[in-house]
Structure formats: C-alpha cells, structure tokens
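In what follows, a structure is listed as structure tokens, so that the remarks can point back to it.
Numbers restart at 1 for each chain; the letters A, B, ... are given by sequence-line order, proteins then strands.
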Amino acid sequence: MSNHQINPNKWIDLYSDYLYNFTISRVSDREVAQDLVQDTFLAALKSMKNFKGEASERTWLISILKRKVIDHYRKINSNKGKAEVRITYNNDSETEGDWLEERVADPFDKTAEDTMQNNELGDAIFNCLSKLPEKQAEVFRMKTIEGYETEVICNELNITASNLWVIIHRARTAMAECLKENWF
Amino acid sequence: MGKKIKIIMPCNEANHVCDKTQYKNATLWEKIILNLHLIYCKVCRKYSKNNSQLTKIIYKAHIECLDKECKEKMKQELDKAIKETPIN
C-alpha cells in the first residue's frame with residue numbers, strides 16, 4: 001500500500017537544499033547545519049525499511065531531521081557548567097548609567113513573527129521549486145539563488161545562453177504562478 | 001550603429017529583457033526600450049510586475065544553497081553508505 005517510493009540516490013539533488021535551509025533557521029551555524037543534514041541522510045538510509053510510504057519522502061526526511069536538531073541541542077547543553085549564565089549589563093563606557101530598558105533589543109528590528117514568516121516563505125519557495133521539471137529547477141536555482149553568472153551556468157550544464165534564458169523564463173513564470181496565491 | 005535604431009520591441013523580446021533585468025543583466029538601452037514597451041502593453045506590464053515580485057520575495061526569504069563541493073562530498077558518503085546497506 002505504499003503510495004510513495006523511496007530512492008536514496010536522488011536525495012541529495014532533491015532535498016539537500018531544502019533540509020539545509022530548514023536546519024539553518026534552527027541552528028544558525030552553517031557547518032553544524034551541514035553535518036546535521038548529512039547525519040539525517042545516513043540515519044534515513046538505516047531506517048529505510050520503516051518508511052511506510054504514508055508521507056512523502058521529504059516529509060519523512062524532515063521528521064528525522066527534527067529529531068537530529070533536538071539531539072544536537074541536547075548534546076551541546078549536556079556539558080555541566082555551561083548552564084551558568086553570566087550577564088554583563090554594561091560593557092561599554094559610553095552607555096554607562098543608561099536605563100537597562102533602553103538597552104533591550106529593538107522590538108521592531110526583527111520579531112519572532114518575521115522569522116517565522118521567512119521560514120514559511122522558504123518552505124513555499126522550495127515547494128514550488130520541487131514542482132518544476134528538474135532541469136528548470138536546477139537552472140533557476142543556480143541563477144537566482146546561488147547567483148552564478150550566465151556563462152558559468154552555460155559551461156556547467158552545456159547549454160547556450162539563449163537556451164538558458166528560455167529555461168529561466170519558463171521557470172520564473174511557473175514559480176510566479178505557484179507563489180502568487182499566498183505570497184504576492 | 002549602422003542599423004536603424006529600434007524603438008518598438010515585440011512582446012517576447014520585452015519578456016526576455018524583463019527576465020534579464022531581474023538579474024541585472026540588461027543594458028541601459030534595453031531597459032529604456034522595455035519601459036517604453038511597458039507604457040502601451042498591459043500584458044507585459046503584468047508579467048513585469050509579477051517578475052519583480054518574485055525576485056523580491058526570493059530575496060526576502062534568505063534562501064541558501066549548499067555549494068557544489070559540499071553536495072559532492074555528501075553524495076560520496078551517502079553512496080558509500082548505500083553500498084554498505086544490505087538490500088532488503
């Protein structure tokens with residue numbers, strides 16, 4: 001009764017960026033995030049027979065990754081003594097004597113809601129990206145997100161510049177259509 | 001230039017230039033002609049609006065991708081693990 005197939009050979013191409021972004025918004029350290037993503041793939045491989053095909057492959061991988069993130073925080077907090085918190089209220093002489101209230105972070109600077117919305121937006125973008133044909137998604141990703149120059153992409157994928165722009169045009173039209181409902 | 005200067009731009013070309021402007025790949029002259037086109041072409045105006053909206057939200061999302069080397073390394077490790085895993 002499995003509706004969803006599992007294919008580890010494609011995992012990195014299909015999901016690594018998505019998982020990486022998911023992780024980076026939660027651990028905010030690039031190297032740790034990379035390790036966690038890698039760990040997730042390896043752990044997923046080991047428990048492949050537990051995959052029942054009820055959820056999509058991506059959802060399943062995310063659920064493993066969530067455990068990995070929690071484990072990561074447990075590990076770094078388990079060292080005794082690190083729980084001690086030292087706060088220096090004032091460390092520069094310029095603001096000495098100021099009220100503490102004036103030193104709290106600006107509430108309009110970045111709210112939790114902002115970050116949350118950003119995460120959701122990221123999810124939505126990856127969702128739409130995964131609906132594109134593979135080639136379109138790849139070109140779009142390289143050009144738009146990674147910001148490579150046209151010539152670099154053309155060399156890498158062995159296509160002509162006009163070919164690239166046609167692909168970009170189709171990808172952008174599809175992406176705009178896909179994101180329009182909720183985000184424009 | 002030798003050739004006659006073109007001021008009228010067909011829609012497909014306008015879309016192409018519009019795509020290029022999203023990546024700052026269009027020349028000044030192309031942008032001028034595009035904007036002239038947008039004055040009288042409603043369809044392209046709409047496309048242009050959606051297009052820049054898309055650029056904006058992708059920028060806003062702060063998406064990051066893993067670089068190629070990192071992905072290669074991950075692939076190798078995963079491949080190795082796949083080979084070691086008995087097929088059930």
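Residues of residues 161-172 of chain A having a heavy atom under 4.5 Å from any heavy atom of chain B, listed by number: A:Trp165, A:Ile168, A:His169, A:Arg172. Using non-hydrogen atoms only and a strict 4.5 Å limit, no part of residues 62-71 of chain A faces chain B.
One hydrophobic cluster holds both B:Ile63 and A:Leu19 under the rule that ILVMFWY side chains link at heavy-atom gaps under 4.5 Å. A single hydrophobic cluster is seen to contain both A:Tyr15 and A:Phe140, as judged by linkage of ILVMFWY side chains at heavy-atom distances under 4.5 Å, directly or through other members. Note on B:Leu34: it clusters hydrophobically with B:Leu28, by side-chain heavy-atom contacts below 4.5 Å among ILVMFWY residues. Under a hydrophobic-cluster definition in which Ile, Leu, Val, Met, Phe, Trp and Tyr are linked whenever side-chain heavy atoms come within less than 4.5 Å, directly or via other members, B:Ile39 and B:Ile7 are assigned to the same cluster. By the criterion of side-chain heavy atoms lying less than 4.5 angstrom apart, applied directly or through intervening Ile, Leu, Val, Met, Phe, Trp or Tyr residues, B:Tyr47 is not grouped with B:Leu54; the two fall into different hydrophobic clusters.
More than 12 non-hydrogen atoms from other residues, nucleotides or ligands lie less than 6.0 angstrom from CG of B:Asn12.
Heavy-atom distances place no part of A:Tyr18 under 4.5 Å from chain B, backbone and side chain included. For A:Phe41, the parts sitting under 4.5 Å from any heavy atom of chain B are the backbone and the side chain alike. Both the backbone and the side chain of A:Gln38 come within contact range of chain B, judged by heavy atoms closer than 4.5 Å. Contacts between B:Tyr59 and chain A at a heavy-atom distance below 4.5 Å are absent for every atom of the residue. Looking at B:Lys20, both its backbone and its side chain come within 4.5 Å of chain A, counting heavy atoms on both sides.
A donor-acceptor contact shorter than 3.5 Å links the side chain of A:Asn21 to the backbone of B:Glu64.
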For side-chain contact (heavy atoms from CB on, under 4.5 Å), just list the numbers for A:Asn9 and B:Asp79, CA-CA rounded to whole Å, side-chain angles, deciding distance to a tenth of an Å, and then say yes or no. CA-CA 7 Å; A:Asn9 293 308; B:Asp79 274 347; 4.0 Å; yes

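In this model, no donor atom of one side chain and acceptor atom of the other lie less than 3.5 Å apart for B:Tyr23 and A:Thr150.
Smallest separation of non-hydrogen atoms from A:Asp17 and B:Leu66: OD1-N, 2.9 Å. Taking all atoms of both residues into account, the shortest heavy-atom contact from A:Leu45 to B:Ile82 is CD2-N, 3.5 Å.
With values rounded to the nearest 0.5 angstrom, A:Ile145 atom CD1 is found 13.0 Å from B:His62 atom NE2. Summarising the geometry, atom CD1 belonging to B:Ile57 is positioned 4.5 Å from atom CG belonging to A:Leu179; distances are rounded to the nearest 0.5 Å. Here A:Ile125 contributes atom CD1 and B:Ile58 contributes atom CD1; the two are 5.0 Å apart, rounded to the nearest 0.5 Å. Between B:Met74 atom CE and A:Thr40 atom OG1 the span is 8.5 Å, to the nearest 0.5 Å. Between the CG atom in B:Asn50 and the OG1 atom in A:Thr173 there is a gap of 9.0 Å [rounded to 0.5 Å].
With respect to chain A, the highest number of heavy-atom pairs below 4.5 Å among B:Lys56, B:Lys49, B:Gln53, B:Gln22 belongs to B:Gln53. Across A:Arg141, A:Gln34, A:Lys143, the residue that shares the most heavy-atom pairs under 4.5 angstrom with chain B is A:Lys143.
Under the 4.0 Å criterion applied to side-chain N and carboxylate O atoms, A:Asp13 and B:Lys71 are not assigned as salt-bridge partners.
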